[in-house]
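Read through the structure below, which is laid out as structure tokens, and then see the notes.
Chain letters run A, B, ... following the sequence lines, proteins first, then strands; residues in each count from 1.
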Number of protein chains: 2
Amino acid sequence: MTNIKDIAKMAGVSVTTVSRVLNHHPYVSKEKEAAVRKAIEEGNYQRNINAVHLSKGKTQLVGVVVPFLNHPYFGMLVEGIANEAVAHNFKLVLIQTNYQENREIEALHMLKLKQIDALIICSRSCEWEIVEDYISYGPIAVCEEAGGRSISSTYIDHYKSFTKALTYLHQKGHVKIGYCLGRRSGDNSRQREGAYRDFMKKLNLPQVQGYIFHDCFNLEDGEKVVQELIRMEDPPTALLVSSDQVAAGILACCNDKSIGVPDKLALMGFDNQPISRMMNITTLHIPLKEIGRKLFLQAINANEVSHEEMSVTLIERLSV
Amino acid sequence: MTNIKDIAKMAGVSVTTVSRVLNHHPYVSKEKEAAVRKAIEEGNYQRNINAVHLSKGKTQLVGVVVPFLNHPYFGMLVEGIANEAVAHNFKLVLIQTNYQENREIEALHMLKLKQIDALIICSRSCEWEIVEDYISYGPIAVCEEAGGRSISSTYIDHYKSFTKALTYLHQKGHVKIGYCLGRRSGDNSRQREGAYRDFMKKLNLPQVQGYIFHDCFNLEDGEKVVQELIRMEDPPTALLVSSDQVAAGILACCNDKSIGVPDKLALMGFDNQPISRMMNITTLHIPLKEIGRKLFLQAINANEVSHEEMSVTLIERLSV
DNA sequence: TCTTGCTATGAAATGCGTTTCATAAATTAT
DNA sequence: ATAATTTATGAAACGCATTTCATAGCAAGA
């Protein structure tokens, strides 16, 4: 393999000049540039990218932390990130955590080691303090509110969104309202729980523990929920489901069991995934691709920390 | 930032010895090792990973080429790859191509530049010849039959699978059978088309051009198909759909329009995605995660090229 | 005419860890 | 007791491109 030195020799110039040509730096005469290009051609020269990385201390790589991939939510989000990455000539390094904290720390570590130039955390598992320990090593962007912290964020306000959805359900006459969340921990869940508690309290509606479901991620989890609902003697009349996937699962199961939606049970989804459109599930649209795009831009912008709230839109369909 | 030289000085040894400790090489006395470890601790030393990469010519990175991510097929496949990658201490570099050939070539180029140690192509767009040009730079694994070529592969035989499905449909009494595929190009599609042609011809069944649909990837595409079906005066009675997503879309649309499934239209899906289970779609199970896992193992095994065919299983549900 | 200031170019320093080679000392084998 | 290994350790080479610094020539401005 030829290296820059060989090329320099072949072209009769210094390595500096070759480097200049390679990097489109000014101050190279046309003749020398031509000679260098010819040598590159003839020597079939390929820059050793790892040497470039070492030298520059940059890798044009951005880490993306996701708990898992085979879920439309993250699929869309990463799609948005990936599209923007291409446009900026960056590659993505995928770090699948399955919500394991140590995997997330590993990702942060990669930032420290400069294996990646920046890190996007789509769903955080470890403490803020730990993340903050790494901000000096490179930009970090998260998909949740990080106001006040030196970490860029593009997020939606889950408290507001949840309140919006609850208001809508209430307006539609529902009083016995329950909800389904993904993982129990995490700020997002806490925000949502808070919104629920506050809302129900304010309007003096019953807060039933049994109306609350956790660990709902996929279609299959919807079945689980319906099975529990059936067993209740006084089930909720409306369910706010933090993922369209789960809502779709619930709906399908209801159809199976001839539970009328929305008459017997109203369903409000989240995300506005294709499936919700197809199954006519009323949902809150979240601009995931757009969020992904913004996250990427924040991640590669080492100069400033920014916080961007994205708004959600209620999409009325037929499940409420 | 302290580097290996600093550590060597601090511990009163040579950089070689530090490197030995770092890499768990033998022939280091207990005392020196302890001194080195202490220095590493005190100096808060972090190996410069880019220097390691340069020196070793390896990056512990495997590239993964996918056309897009927000599709359960690729989501699952990559999930399988990612799980195995974690187990082997590799990271994945995602290359989203949107089926653009040049993006795929870029990925191959990364292999050449040693930015990645191996490449997994989940869905190939460019010519075999181009891919083969790169095999000397590192292992490549593909998710399609590559028999005879020096490229590892884990795949399912689409000809066989399609034939299996067609046979099943025919056994169930269907004669007017159509099918839906993703992209028109690609070996997989060609295999399927071939299977269809051969099967229909052999049994002397009608091959109607209008029964064939292309560019079906997502739920939404199902709608499109149904709309066309409605317009036909002599529509097919069964459809073999190369993705459960699309099958689900079709089914949902049929439900909407009160087209009885399977009475009016039988649907046979592909992949055995969660959605097919939920919607009771008869499908062919493809062990995607398993395929992903094998692909990864093939990719990091630089010593031998292997070809592994995975079998599909027909899952009888209620849509046929 | 003299001073700036730009253009052009290369030597050398910088980023940093791994690995080969050489050597010395300590064992083990013969 | 001598030869053959094994253990231990470091210097130097190797992987390679970028960037700073120094220098020289030439053109434009004062």
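- For B:K9 and D:dT9, the NZ to P distance is 20 Å, given to the nearest whole Å.
- A donor-acceptor pair is defined here as one N or O able to donate and one able to accept, closer than 3.5 Å; such a pair exists between the side chain of B:H53 and the backbone of B:K58.
- A:E33 has a carboxylate O that lies under 4.0 Å from a charged side-chain N of A:R37, or vice versa, which qualifies the two as a salt bridge.
- Where B:L54 and B:V28 each meet DNA chain D at their nearest nucleotide, the meeting point lying more 5' is that of B:V28.
- Considering only side-chain N and O atoms, B:Y45 lies under 4.0 angstrom from the phosphate OP1 or OP2 of C:dG17.
- Rounded to whole Å, atom C1' of D:dC16 lies 10 Å from atom CG of A:N50.
- To the nearest angstrom, C1' of C:dG17 lies 13 Å from CG of A:L113.
- Residues from residues 11-25 of chain A that place a heavy atom under 4.0 Å from any atom of DNA chain D, listed by number: A:T16, A:S19, A:N23, A:H25.
- Checked against B:D187 for a salt bridge (Lys or Arg N to Asp or Glu O under 4.0 Å), the options B:R190, B:R184, B:R183 give a single hit: B:R190.
- For the pair A:K5 NZ and D:dT18 C1', the computed distance is 15 Å after rounding to whole Å.
- Closest approach of B:N89 to B:Q60, counting heavy atoms only: O-NE2, 3.0 Å.
- Look at B:Y27 and you'll find a side-chain N or O under 4.0 angstrom from OP1 or OP2 of D:dT7.
- Counting to the nearest Å, the P atom of D:dT9 and the CD1 atom of B:I7 are 18 Å from each other.
- As rounded to whole Å, 9 Å separates atom P of D:dC16 from atom CG of A:D6.
- Within the model, atoms OH of A:Y134 and CD1 of A:I105 stand 6.5 Å from one another, a figure rounded to the nearest 0.5 Å.
- Between A:H71 and A:F217, a ring centre-to-centre spacing not shorter than 6.0 Å is recorded.
- Distances shown here put a side-chain N or O of B:K32 below 4.0 Å from the OP1 or OP2 atom of D:dG10.
- For the OP1/OP2 pair of D:dT9 and a distance below 4.0 Å, the side-chain nitrogens and oxygens of B:S29 include at least one atom meeting the criterion.
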